[in-house]
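Working notes, beginning with the structure itself.
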Number of protein chains: 2
Amino acid sequence: MKEPLEVFSDYLSRKNLKMTPQRRLILDIFLREKGHLASEDLYTIVKRFDKSIGQATVYRTLKLLSESGLAKEVKFGDGVTRYEQKYGNSHHDHIICEECGKALSVVDEKIEELQERLAEEHGFVLTGHEMYLYGLCADCRRKKGGH
Amino acid sequence: MKEPLEVFSDYLSRKNLKMTPQRRLILDIFLREKGHLASEDLYTIVKRFDKSIGQATVYRTLKLLSESGLAKEVKFGDGVTRYEQKYGNSHHDHIICEECGKALSVVDEKIEELQERLAEEHGFVLTGHEMYLYGLCADCRRKKGGH
DNA sequence: GTGCCTGCAAATAATTTGCAGCAGT
DNA sequence: ACTGCTGCAAATTATTTGCAGGCAC
């Protein structure tokens, strides 16, 4: 598979946009940090490498990364947009612990299939979907129970 | 089943809060208008009946309605919080047309079951979930195809 | 050299909060 | 009477945008 940096470069030149040191740095750190990062989180980390970078640049670059297919926006319902890596066309959903905020990525082929069918039954052709499962993780249940 | 107004009154007195004309009016209109209403939508409608009502009151009342179990917050990912009616403990998910914004409420027992199981497999006990299917509705496909 | 890019600060958008007077219970 | 409630405006939060100078192509 093509390297992320190449994917991004290709995307940029296709759109007559430019590869800059800031964009390279943000992509780099975005790839290094696994998980679900808010723009602000990324900004904090990126700033350690380039004191002079601006928040807006991080916001703008994350948007570009989404458009290039390298990142995907996810919204956990707390008003903060997070971004996660997305190689090729991998897809997954989320289980979020309501106690500690831990978020796992999961997929269930059977569910995906049923979603497709459900949409069809209502006359829709699916283009995408989001599923968030909220609950208590094993750790938090133990802590709560143990008390 | 108990009347919504009674449910709300009970909730309020249980919390040492008060039933006011504004709250009664907002509940009334919320029940009348089926669908997924943003606070601002409701505010616009409510204003036709009471010119002097403030936005903040609508926001605050919708929050109370959620807490009382009569309403449920839904977020379609466009940064606007919407509210839908929720009698008893009815639950459903959403299919949203990316073209015209139309939103349908749906349930699929089989999916619900698999979600439960999926969470379990990852050590979670589910407390709730949200599922949003995005796609194109039949109408919009026709319009697009016809062009 | 041209047009995109950057950091900054100001602008938005949705929602929340502080406050002084008003009103349910 | 005692608190909670209301409308208003100001505050917050997350994100976007305008701009003047700088840099990639």
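Below, chains carry the letters A, B, ... as their sequence lines are ordered, and counting in each starts from 1.
Residues B/E98 and A/T127 bring a donor and an acceptor atom of their side chains to less than 3.5 Å of each other.
Side chain of A/R141 to backbone of A/L136: a donor-acceptor contact under 3.5 angstrom is found. No side-chain donor-acceptor contact under 3.5 Å links A/Y43 to the backbone of A/Y59. Under a 3.5 Å cut-off, the side chain of B/Y134 and the backbone N or O of A/E130 do not form any donor-acceptor pair. With hydrogens and angles ignored, the 3.5 Å screen pairs no side-chain donor or acceptor of A/R23 with any backbone N or O of A/T61.
With rounding to whole Å, A/Q22 atom CD is found 11 Å from C/dC5 atom P. Atom CZ of B/R24 is separated from atom P of D/dT6 by 12 Å (rounded to the nearest Å). Rounded to a whole Å, the CD atom of B/E40 is 14 Å from the C1' atom of C/dT16. The CG atom of B/L42 sits 15 Å away from the P atom of C/dA14 (whole-angstrom rounding). In this structure, A/K15 atom NZ and C/dG3 atom P are separated by 19 Å, rounded to whole Å. Distance CG (A/L12) to C1' (C/dG3): 15 Å, rounded to an integer number of Å. In this entry the distance linking CZ of B/R82 with C1' of C/dA14 reads 12 Å, nearest Å. One can place OH of A/Y43 at 14 Å from P of D/dT15, the figure rounded to the nearest angstrom.
Residue A/S39 is out of contact with every strand shown, counting any heavy-atom pair closer than 4.0 Å. Within the 4.0 angstrom heavy-atom criterion, no nucleotide atom of any strand lies near B/S13.
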Contact letters for nucleotides 16-25 of chain D, in which S counts primed atoms plus P, OP1 and OP2 and B counts the base, heavy atoms under 4.0 Å: BBB-----BS

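The environment of B/E3 atom CD is sparse: at most 12 non-hydrogen atoms of other residues, nucleotides or ligands sit within 6.0 angstrom. Within a 6.0 Å sphere centred on NZ of A/K102, heavy atoms belonging to other residues, nucleotides or ligands number more than 12.
Here the CG atom belonging to A/D50 is positioned 14.0 Å from the CD1 atom belonging to A/I45, to the nearest 0.5 angstrom. To the nearest 0.5 angstrom, A/K143 atom NZ is 7.0 Å from A/C137 atom SG.
Using a 4.0 Å cut-off, no side-chain N or O of B/T81 falls inside it from OP1 or OP2 of C/dA14. In this model, the phosphate group of C/dG24 is not approached by any side-chain N or O of B/R23 to a distance below 4.0 Å at OP1 or OP2.
Heavy-atom distances to DNA chain D give each of B/D50 and B/N16 a nearest nucleotide, and the one nearer the 5′ end belongs to B/N16.
Within residues 65-80 of chain B, the residues that place at least one heavy atom under 4.0 Å from DNA chain C are, in residue-number order, B/G79, B/V80.
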